[in-house]
Structures are given as C-alpha cells and as structure tokens.
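Report on the following structure.
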Amino acid sequence: AKEKGKGRCMVYSARDKGAPAHDISLEAAMFSAVREGEFLLYYQPIVSARSRKIEGFETLMRWCHPTLGMVPPARFIPIAESNGLINLLGAWALKAACMQVRQFELAARRELYISVNISPRQFRSDQFLDVLDEALSMSGVPANRLVLEITEGTLMVDPAHAEGLLLRMAERSARIAIDDFGTGYSSLAYLKRFPISVLKVDRTFIKDLPDSRKDAAICSAVLDLARHLDLSVVAEGVETEAQLARLAQSGCHYVQGYLTGRPMPAHVALAALNDDLYE
Ligand code: C2E
Ligand code: CA
Ligand code: CA
Ligand code: CA
C-alpha cells in the first residue's frame, strides 16, 4: 500500500514487491526525487554523557519515496557518490542544517552545534568551500557551532589536498570530526598533521561494552589520546544504560545512540529540546 503525506513514510525493505531489481532504477528515481523534494533531514541528539542534556545534533539524510517508503542512506548515498548527485544533495543538507540549528537554538535558548556528514566526493569538490561559506552566511550560524564529519578514508585519498582544505575550514573556525574513528585505513599521524577537533568512536567499539575487555581498552585509550590532544570524543551507537554508564565513568563527554535519542524529524527534535528546558 502507498501512503502519502508528511511523516507517513513506510519503511523500505529490499524484499518489497515494488522494490527495483537494480540500482539503476533507484538511480533514475533519485533525480526526480530531488525535484519532488523527497529528501529530508533527520536529526539525532548528541548528548552529554553525564547529564544527558542535548548538546547538538547530527544531520542524517532520509529519502522518503512515495511508493518505496524510507530508502536508507546506505542504499542511496553510494549511488549519489558515484553519479555526483551527492554534491547537490550535500550542499542542500549543509545549508538546511545550518538554517535548522538556529531554530533549535531559539527553542533551547542556548547554543547548540550541528554536525553534518561530508562525503569524499563533496570534500574533493572545487565548490565545497563556497557552499560552506554560503551555508554559514545565509544562516548566520557562527562557524564554531558547525561540525563537519569526514572519515579517515576521505582524508587519506589525497592528504595534501585535505590538509589545505582543513586549514581553510579551520580559518573559518568550523570544526572537523573524524567519523567512524578507528575503522578506516589510516595512521594516527593525521591527528598530528590535520586540525581535527572531534573523534567519533565507531559503534563497533561500543556495542560490546561493558563486557568486552578489548573494547573497553580501546575506548579508554582513545579517550586518553583525545584528552592529551585536546579533542572531544563522541561515542556512537550507544544503546544501553550499561554502555552509557561505562563511557561516562571513563570520561567520555558525549554520546549518541538509540538510548538517548533516535534520528528524528526536526519538529520532534524541537519537542525534545523543550523537554530538556523544563527538566
Ligand atoms: P554515520 O555517519 O556513521 O551515521 C550513524 C548511523 O548510525 C546512522 O545511520 C544512525 O541512524 C545510526 N545509529 C545511530 N544511533 C544508533 C544506535 O544506537 N544503534 C545503531 N545500530 N545505529 C545507530 P543512517 O542514518 O542509516 O546513516 C547511515 C550512513 O549514511 C551514515 O553513517 C553516513 O555515512 C551516511 N549518511 C547519512 N546521512 C548523510 C548525509 O547527509 N551525507 C552523507 N555524505 N552521508 C550521510
Ligand atoms: Ca556521521
Ligand atoms: Ca559514524
Ligand atoms: Ca550514531
């Protein structure tokens, strides 16, 4: 069955009868989806590990297809990355996220930050800095409240280019987060070379906490390293109270995960901020 209207998007499953057999049809659908405004942004709270107060949000893209339902980013981002549509989508997401954080700040009556995923191709694009400047100027968001999430892979494709670009971003005081930290092909040398502010510890190191001694050791080591290098750490994919307790105890400042808030539409995020206000 097909349902229309905001917030009434069914969950897409690869086994759905209406699902395309090949990504080629998905790809074709993406171009009309841009025109039809089927892409939207969800916001997942990033909270203080101790107080659980919302400190910011990560922007996560959603594609609400009229018949397929919610197409997960794992399906459409790689296609957009290969055909270049990611530049258009990414530019839109960056601008929309910056506009949105102003509204969040008004509701919360305090400063919040917004974290936006930047794909490798977007990062390499000649237009990227212009898009960044436009997002900042049109929204009026101070650059230090914008965090750009990139992966280790993105840095390593062309380290010299990355270094130049990161310096230009740092000049604007936008902050850089390493997404999925610890899972990419890279050396720790880049922490020395590049102006990085945030490490997002991948869920693979969080999910077996607190029982796994190896994961506990890795998390402690990352937290230690971050403390000495003056970096913030966000633990990703926190799903249980036991994980949160362990992370808070180890001195992790920020967590993100289903336990403290799923990715949600902007109006739900606004309501969550209001709850924070009256606690
Ligand atoms: P990511 O940047 O690592 O985002 C975190 C993913 O983990 C999100 O999946 C989020 O919904 C999910 N997640 C959050 N908390 C939990 C948890 O407690 N447990 C579990 N199991 N998962 C959790 P999502 O939204 O499906 O996005 C998948 C990936 O797609 C993202 O991974 C990111 O690489 C990419 N992506 C999403 N939005 C964008 C975007 O706007 N631009 C770009 N370039 N990539 C995006
Ligand atoms: Ca991310
Ligand atoms: Ca991640
Ligand atoms: Ca996450």
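Both counts, for ligands and for their atoms, begin at 1 and track the order of listing.
The atoms of ligand 1 that sit less than 4.0 Å from any heavy atom of Glu236 are 3 (O). Each of the atoms 17 (C), 18 (O), 19 (N), 20 (C), 21 (N) of ligand 1 lies under 4.0 Å from some heavy atom of Glu239. Close approach of ligand 1 to Glu58 is summarised as follows: ligand atoms under 4.0 Å from at least one heavy atom of the residue are 2 (O), 4 (O). Listed by number with element, the atoms of ligand 1 under 4.0 Å from a non-hydrogen atom of Pro263 are 11 (O).
Separation of the Tyr43 and Phe104 ring centroids falls under the 6.0 Å cut-off. Between Phe205 and Phe181, the gap from one ring centroid to the other reaches at least 6.0 Å.
Arg75 has no carboxylate O lying under 4.0 Å from a charged side-chain N of Glu81, or vice versa, which leaves the two without a salt bridge. Under a 4.0 Å N-O distance rule, the pair Arg110/Asp276 qualifies as a salt bridge. At a threshold of 4.0 Å, the pair Asp215-Lys207 does not count as salt-bridged, since none of the basic side-chain nitrogens sits closer than that to a carboxylate oxygen.
When non-hydrogen atoms are compared, ligand 1 lies under 4.0 Å from the side chain of Arg203 (C-beta onward) but not from its backbone. Looking at Glu81 against ligand 1, nothing comes within 4.0 Å, counting heavy atoms. With a 4.0 Å cut-off on non-hydrogen atoms, Lys200 does not touch ligand 1 at all. Contact annotation for Ser119 and ligand 1: heavy atoms of both the backbone and the side chain come within less than 4.0 Å of the ligand. Contacts between Asp179 and ligand 1, counted as non-hydrogen atom pairs separated by less than 4.0 Å, involve the side chain only.
Within Glu58, the N, O or S atom lying nearest to the Ca ion (ligand 2) carries the name OE2. The nearest N/O/S atom of Asp179 to the Ca ion (ligand 3) is OD1. Looking only at N/O/S atoms, Glu149 comes nearest to the Ca ion (ligand 2) through OE1.
Contact annotation: Asn117 places an N, O or S atom under 3.0 Å from the Ca ion (ligand 2). With a cut-off of 3.0 Å, the Ca ion (ligand 2) has no N, O or S atom of Asp180 in range.
When only interatomic distances are considered, the shortest N/O to N/O separation between Asn117 and ligand 1 falls below 3.5 Å. The shortest N or O to N or O distance between Gln256 and ligand 1 is not below 3.5 Å. Between Met61 and ligand 1, at least one N/O pair is under 3.5 Å apart. Geometrically, ligand 1 and Gln44 share a nitrogen or oxygen pair separated by less than 3.5 Å. On a distance-only criterion, Thr59 and ligand 1 share no N/O pair closer than 3.5 Å.
Geometrically, Arg262 engages Tyr258 in a cation-pi contact defined by less than 6.0 Å to the ring centre and at most 45° from the axis. In this structure, Arg62 fails the cation-pi test against Phe39, since its NZ or CZ atom is not both closer than 6.0 Å to the six-membered ring centre and inside 45 degrees of the ring normal.
Heavy atoms of Gly237 approach ligand 1 to within less than 4.0 angstrom.
Sparse packing is recorded around CZ of Arg50, with 12 or fewer heavy atoms of other residues, nucleotides or ligands lying under 6.0 Å away.
Between the side chain of Asp158 and the main chain of His161, a donor-acceptor pair closer than 3.5 Å is present. The closest donor-acceptor contact from the side chain of Ser212 to the backbone of Leu209 lies at 3.5 Å or more, if one exists at all. A distance-only check finds no donor-acceptor pair linking the side chain of Glu163 to the backbone of Ala160 [under 3.5 Å].
Closest heavy-atom approach to atom 3 (O) of ligand 1 within the set Leu94, Asp180, Asp202: this belongs to Asp180.
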- [ ] Assess whether side chain to side chain contact (heavy atoms under 4.5 Å, CB included) is satisfied between Leu148 and Asn117, documenting all intermediate values.
- [x] CA-CA 6 Å; Leu148 301 161; Asn117 292 289; over 6 Å; no

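Checking Lys200, Glu236, Glu55 one by one against Gln256, the side chain to side chain donor-acceptor pair (under 3.5 Å) holds for a single residue, Lys200.
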